[in-house]
Number of protein chains: 2
Amino acid sequence: MVATYKDIRRLTGLSLATISKYYNGGNVLEPNRELIEKAAADLDYQLNNVARGLRSRRSMTVGVILDELDSAFNTTIVSRMEERLREAGYGTIICDSRKDAEAQADVMRFLVGKMVDGIIVVPVDDDASFLVPARDRGVPVVAVDRLVPGTDSVIIDNRAAIASAVQLLTTAGHTSIGLLAGPDSTYTMRERRAGFRDAVQDRTGLLPRTELIEPEHVSIEGGCAGVRRLLRLSAPPTAVVCANYGFTLGATIALNELGPESRPALVGFDNMDLARLIRPRPTLVAQPIEDLAIEAAELLLQRLNGDGPDEPVTITLDTTLMIGHESTYQLRPVPSNGRL
Amino acid sequence: MVATYKDIRRLTGLSLATISKYYNGGNVLEPNRELIEKAAADLDYQLNNVARGLRSRRSMTVGVILDELDSAFNTTIVSRMEERLREAGYGTIICDSRKDAEAQADVMRFLVGKMVDGIIVVPVDDDASFLVPARDRGVPVVAVDRLVPGTDSVIIDNRAAIASAVQLLTTAGHTSIGLLAGPDSTYTMRERRAGFRDAVQDRTGLLPRTELIEPEHVSIEGGCAGVRRLLRLSAPPTAVVCANYGFTLGATIALNELGPESRPALVGFDNMDLARLIRPRPTLVAQPIEDLAIEAAELLLQRLNGDGPDEPVTITLDTTLMIGHESTYQLRPVPSNGRL
DNA sequence: GTAGGAGCCTGAAACGTTTCGCCAAAGGGG
DNA sequence: CCCCTTTGGCGAAACGTTTCAGGCTCCTAC
């Protein structure tokens, strides 16, 4: 059998209350402290956190719901969060909603049933009804990479991110810029698309041609297909902006098949391993992914300690434009015009 | 307040024992079943798994310890495991040991204290002493990608994997093959290196020249530096085998800087997203990573149900050699000899 | 000398389930 | 008709902690 307080009581003669006080950092006389430590060592005692959780109503566990697990973005998120949360004594239960709203609602109930103290979530879409079980039970929720009204959110400035890409391209002389973005149903894509429209209008005085905005599934395949479609237009864009990492990978694959002379300029999203592999060095909008994770963990920890702000809070982080090899963003001199 | 069995008892007049039986799939008369379901719905009742775990001594939680979280290999592992385990009703607590033995021992104690029912681990090194807390408490452990004597393990046939790469290269005429591998302190690297030596000896009748085996830190940087060092040798190899994904990426980056004419043949490891990015299409040893995860989860679930084999078991999975563009493995006709 | 407080300890009652032993009623075979 | 088994239900005792309301000792200040 595994040792419990009762065994420690047997060996030390102290009461359960005192032993509990010891394990919770209360004041215990030095000789008693030593007695307990000796007994615990002899018994190879390990505190039972399940029992503790039942009585104290804190499971010291948080749930993390991601819309997909095997993406580089979310991996980084998990890695940093887990690190920060365990530092604070919390275990991290990870759940994958596979971009499926129903699965997301399921895991939410699952986590609430597991009595997690808090939840961090990258929501599947704008429908926040899956949060109800958590709200009902007063479990704090922090949304990451999505703005969820009425809920703490940690996001990046998506509009400015895309605007910085557009600005680089227009400064280089591009006037016809395409965008690869996912469906408007996710906050991130909606913002990036709106940011694109605004930036293009700002910089060129014109609304972007609608056929240059490719609505796609968010994936490598979507990036491949999308960029090919853009280039088949009768007046193809001279530059393409990718609204996320998957599109960037896909577009890069598709462009690999073109001769370097006929490639459009390309600004991608997210600075991950990819960037080091691809030649010429790509131009990228870099998100502070680690900070996103750390800020979210920090905000949740504040809530768990009961000392966060009164109102739901939105933390917005800035992106960095990482300028790559100039061939990736310059407007090619004449010939491509000549050919059109 | 959150509802409990007592509230259901109040609404239904049934005893706690009956309500418990209902929630554990026991036989309950139809009218009582309906009563309970109605009451639960009215109360928005959610079973408290912490209390359940305390009494039943099953927390329905498993711990997963990875040697690093933000690698594509481990991401895939986590993703599949989490899926399979949650299907079976288990929550997955994830921990990152950051390739640090002490951190690994810490999280092991952390998980045992959290009363996880089982643990899946990709161990940092060969020192299995960190398993003691789990063994002492009868918590089953499954090791993944490492052979841990006396413990259930799910691995791939590392020797055969490397041998298949060597065979392809020798068949194509290569006689001087280099290897990029990590330190012998991890099982995987030791096996792959031994497999390399054996295969080269088998196929060429000679032991590989020792300077062709580059001991390196396992990383993209290591791959870059290693391949550069190999090529600076007075008699550089005509082909290089990479013993893992990081090396493959790094070697690819380094080779990108060479003209296509002077590149050695390259066989990489692991078929992940980036393999689709690289042109010409690389030749790769593909591990069944998802199966690794699923087999491990399955084996642990067996142990948790108490119906696994009596003895610790080792499951070995096979790899597939994915042959890429022929320029990636063919021996280049004459000039490279001429130049040497 | 004593009131009051600080410091440390204690027994007992939670926390919300599961499980054990027992009982009543119903059903079936001889 | 009786005995035996099966089914479903019940009260009460766990599970291993934390927490509550006191209680004892010792010290200080008046």
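Atoms considered below: every heavy atom in the structure, side chains included; atoms not considered: hydrogens, waters and symmetry mates. Naming: A, B, ... by sequence-line order, numbering from 1 per chain.
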Within the 4.5 Å heavy-atom criterion, are B/E83 and B/I294 side-chain neighbours or not? no

Base, sugar-phosphate, or nothing for B/V50, non-hydrogen atoms under 4.0 angstrom? nothing

Listed nucleotide nearest any side-chain atom of B/L14, set D/dG16, C/dT18, D/dC10: D/dC10

Heavy-atom nearest nucleotide on DNA chain D taken for B/V28 and for B/L54; more 5' hit belongs to B/V28

If I take atom NZ in residue B/K6 and atom C1' in nucleotide D/dA12, what distance separates them, rounded to the nearest angstrom? 13 Å

Pick base, sugar-phosphate or nothing for B/Y22, based on heavy-atom distances below 4.0 Å to the nucleic acid. nothing

Write down the distance between OH (B/Y23) and P (C/dT18), rounded to a whole number of angstrom. 10 Å

Any side-chain N or O of A/R52 less than 4.0 Å from the OP1 or OP2 oxygen of D/dT18? yes

Once you round it to whole Å, what is the distance between C1' of D/dG16 and CG of A/N49? 11 Å

For the residue pair A/Y22 and A/L14, establish whether any side-chain heavy-atom pair is separated by less than 4.5 Å. no

When you measure from the side chain of B/S56, which nucleotide among C/dT18, D/dG16, C/dC8 comes out closest? C/dT18

What is the separation between atom CZ on A/R9 and atom C1' on D/dG16, rounded to the nearest whole Å? 11 Å

Nearest to side-chain heavy atoms of B/K21, which nucleotide of C/dC20, C/dC15, D/dG8: D/dG8

Separation of A/L16 atom CG from C/dA14 atom P, in whole Å? 16 Å

Side chain of B/N48 only, please: which of C/dT17, D/dT19, D/dG11 is the nearest? C/dT17

Closest nucleotide among D/dT19, C/dT18, D/dT17 to the A/A17 side chain: D/dT19

Counting only heavy atoms from other residues, nucleotides and ligands, does the tally under 6.0 Å from CD of B/E311 exceed 12? no

May I ask you to say what A/L29 touches in the nucleic acid, namely base, sugar-phosphate or nothing, with a heavy-atom cut-off under 4.0 Å? sugar-phosphate

Would you classify A/T4 as touching base, sugar-phosphate or nothing, given that sugar-phosphate means primed atoms plus P, OP1 and OP2, and contacts are heavy atoms under 4.0 Å? sugar-phosphate

Per B/N24 side chain, nearest of listed nucleotides C/dT10, C/dG16, C/dT18: C/dT18

Let's see if you can work this out: which of D/dT17, C/dT10, C/dT19 has an atom nearest to the side-chain heavy atoms of A/Y5? D/dT17

Of the candidates C/dC8, D/dG8, D/dA12, the side chain of B/N27 sits closest to D/dG8

Rounding to an integer number of Å, can you tell me how far B/I8 CD1 sits from C/dT17 C1'? 12 Å

A/R57 has an atom CZ; how far is it from atom C1' of D/dT18, in whole Å? 12 Å

Side-chain donor-acceptor pair present, A/N48, B/R57, cut-off under 3.5 Å: no

Value in whole Å for how far the P atom of C/dG7 lies from CZ of A/R33: 15 Å

No-hydrogen, no-angle side-chain donor-acceptor test under 3.5 Å, B/R146 and B/T188: yes

OP1, OP2 of D/dT17 versus side-chain N and O of A/S20: anything below 4.0 Å? no

Side-chain donor/acceptor of B/R55 to base of C/dT18, under 3.5 Å: yes

Which part of the nucleic acid, if any, lies within contact of A/I19, taking any heavy atom under 4.0 Å across all strands shown: a base, the sugar-phosphate backbone alone, or nothing? nothing

Is the centre of the A/Y45 ring less than 6.0 Å from the centre of the A/Y23 ring? yes

